[in-house]
Amino acid sequence: MQFVYDPLPYRVIFGPGSVRQVADELPKIGNRALVLSTPEQIDSARHLANSLGEKAVGIFSQAVMHVPVATVDAAAAKAKELDVDCTVAIGGGSTIGLAKALSLRLDLPSLVVPTTYAGSEVTPIWGMTEGGIKTTGRDKKVLPKIVVYDPDLTLSLPAEMSIASGLNAIAHAMEGLYAFDGNPIVSLMAEESIRALARSLPQIKADPTDAKARGDALYGCWLAGSVLGAASVALHHKLCHTLGGAFDMPHAQTHTAVLPHAIAYNAPAAPEAMERASRALGGGDPALKLYELASGLGAEMSLAKLGMPADGVARAAALAVANPYPNPRPITEEGIVQLLSRAVEGLPPVTI
Ligand code: NAD
């Protein structure tokens, strides 16, 4: 066994009602907070700001998808004008992305209250867009200092978005199991993440107000985010990035349709990872189990139906083979053509 383990320093408060602990936690990072949210979540931001009393000196509620540089400029100007010493973000990956951009630019520490399953809160990955171009990077200074997970806040997340986002989280965990830079802790977190999500997502589909299932799913997504923050992604993510870029396909849905096939492709080269995944999914072939889980949740499994053009397979395979990410099984154009041909039609995965 040989590995490097480099833990990320963040504090987690988890549990129903824990948003009420933000006021007690905040003094650990600052005393003059700018509260961040999207326009849709302004009420949650106001509520949280009220609970912080004079420690909340302002609200910036213009967070939007993809963290545009112009939004960061506006938030940074407000942060300077109010002389804040930290941020408190309440929302999903877009709002947390804004907090990260402010950490990068102004060295402001953040406390975040995630309300989706994206997992960005526990990764050192930041992203910003300008003129349609997205720039991303890794920097430990953007990692939130404190994460307050309150599953009650996810009860309002629509079931469809919860499922898409939860399946996306499973993809992060699956690839962490065979990442070239993984380690035993990452594998433990990944296996437990898959177990918690595979158990809770069907329960959320059946009843989106199931508080226990919501807690389980958020727990699984915390672990999946931790895996994403600690280990690299491989073939599956390369394929999804390629398809997204080449054919403008929907992000979360593409992940769902591709994952079982990417896992089937990698299975022969990653037996230990498959053993863990199988255990987490209740036994059997993990690729097939993932396919059944996603279809059972009502996900579209055909890439063609998600918008991939009929002649896209060869093009995508050629792109995926160029500059591949490190992967347990060597990536061949022929292998990717076979994999994608089944995914285009929405067929169950097979290992060839
Ligand atoms: P989001 O933050 O864009 O939120 C989508 C919408 O849902 C927003 O209008 C938001 O206000 C609303 N919303 C959030 N929580 C809600 C709730 N509980 N109830 C009702 N509505 C709610 O969506 P997201 O999926 O969390 O984040 C996506 C973004 O995060 C992408 O830009 C992605 O690139 C980024 N991301 C980054 C990382 C990273 O490590 N840097 C990881 C994952 C995702």
Side-chain angles (χ1 to χ4, degrees), residues 8 10 16 19 35-48 59-69 71-72 89-104 110 112-129 134-144 147-173 175-176 193 204 208-209 211 214-215 217-218 221-233 237 240-241 244-245 250-256:
L8 292 171
Y10 60 84
V19 69
V35 178
L36 309 173
S37 76
T38 60
E40 293 81 14
Q41 287 180 290
I42 176 88
D43 288 345
S44 304
R46 283 200 185 112
H47 195 72
L48 183 55
I59 296 177
F60 181 88
S61 61
Q62 299 307 310
V64 285
M65 195 83 160
H66 305 312
V67 196
V69 169
T71 308
V72 182
I90 181 161
S94 299
T95 308
I96 292 165
L98 178 59
K100 287 176 160 183
L102 292 173
S103 296
L104 193 66
S110 67
V112 303
V113 185
T115 61
T116 72
Y117 298 153
S120 170
E121 62 280 356
V122 287
T123 82
I125 305 166
W126 58 267
M128 275 185 249
T129 51
K134 185 167 185 173
T135 311
T136 60
R138 272 183 185 256
D139 191 326
K140 280 190 183 166
K141 89 173 174 187
V142 308
L143 185 75
V147 185
V148 176
Y149 284 109
D150 186 340
D152 289 351
L153 302 181
T154 63
L155 288 167
S156 55
L157 194 64
E160 207 172 297
M161 189 175 160
S162 307
I163 287 164
S165 179
L167 289 168
N168 208 352
I170 291 183
H172 297 323
E175 292 230 298
S193 165
I204 290 172
T209 66
R214 288 290 189 176
L218 195 57
C221 289
W222 163 48
L223 294 171
S226 305
V227 170
L228 180 66
S232 299
V233 292
H237 282 79
C240 293
H241 295 163
H251 175 86
Q253 290 89 332
T254 303
H255 267 275
T256 301

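Hydrogens, waters and symmetry mates play no part in the numbers below; they use all other heavy atoms, side chains included. Order of listing sets the numbers, starting from 1, for every ligand and every atom in it. Small disclaimer: the values here were computed from a predicted structure and weren't measured.
For atom 38 (C) of ligand 1, the protein comes within 4.0 Å by at least one heavy atom. The presence of a protein heavy atom under 4.0 Å from atom 11 (O) of ligand 1 is confirmed.
Under the 3.5 Å distance criterion, the side-chain polar atoms of K100 are matched with a main-chain donor or acceptor of I125. No donor-acceptor pair under 3.5 Å is formed between the side chain of R138 and the backbone N or O of T123. E175 contributes a side-chain N or O that, together with a main-chain N or O of H237, makes up a donor-acceptor pair within less than 3.5 Å. When atom types are taken as modelled, the side chain of S193 and the backbone of A173 share no donor-acceptor pair closer than 3.5 angstrom.
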For residues 155-164, run the donor-acceptor check on the side chains, cut-off 3.5 Å, and write out each pair with its distance to 0.1 Å, sequence neighbours left out.
| from | atom 1 | to | atom 2 | distance (Å) |
| --- | --- | --- | --- | --- |
| S162 | OG | L157 | O | 3.2 |
| S162 | OG | P158 | O | 2.9 |
| S162 | OG | R214 | NH1 | 2.9 |

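Among all non-hydrogen protein atoms, the one lying nearest atom 3 (O) of ligand 1 is S94 OG, 2.5 Å. Nearest non-hydrogen protein atom to atom 36 (N) of ligand 1 is S120 CB, 4.2 Å. At the top of the distance list for atom 40 (O) of ligand 1, counting protein heavy atoms only, stands T123 OG1, 2.5 Å. Looking only at protein heavy atoms, the nearest one to atom 24 (P) of ligand 1 is G93 N, 3.5 Å.
Residue contact check: L153 has heavy atoms under 4.0 Å from atoms 18 (N) of ligand 1. Heavy-atom contacts of T116 reach the following atoms of ligand 1: 14 (C), 15 (N), 24 (P), 26 (O) (cutoff under 4.0 Å). Residue contact check: G92 has heavy atoms under 4.0 Å from atoms 2 (O), 26 (O) of ligand 1. Counting the atoms of ligand 1 from 1 in the order shown, those under 4.0 Å from a heavy atom of I125 are 39 (C), 40 (O), 41 (N). For ligand 1, the atoms lying closer than 4.0 Å to a non-hydrogen atom of K100 are 39 (C), 40 (O), 41 (N). Listed by number with element, the atoms of ligand 1 under 4.0 angstrom from any heavy atom of M65 are 3 (O).
Taking CG of L36 as the reference point, atom OG1 of T71 lies at 11.5 Å (rounded to 0.5 Å).
A perpendicular orientation is assigned to the rings of H172 and H255, their planes being inclined by more than 60° (bins at 30° and 60°).
For atom 5 (C) of ligand 1, the nearest non-hydrogen atom from the set H251, E121, Q41, M161 comes from M161. With S156, A224, S165 as candidates, the residue nearest to atom 19 (N) of ligand 1 on a non-hydrogen basis is S156.
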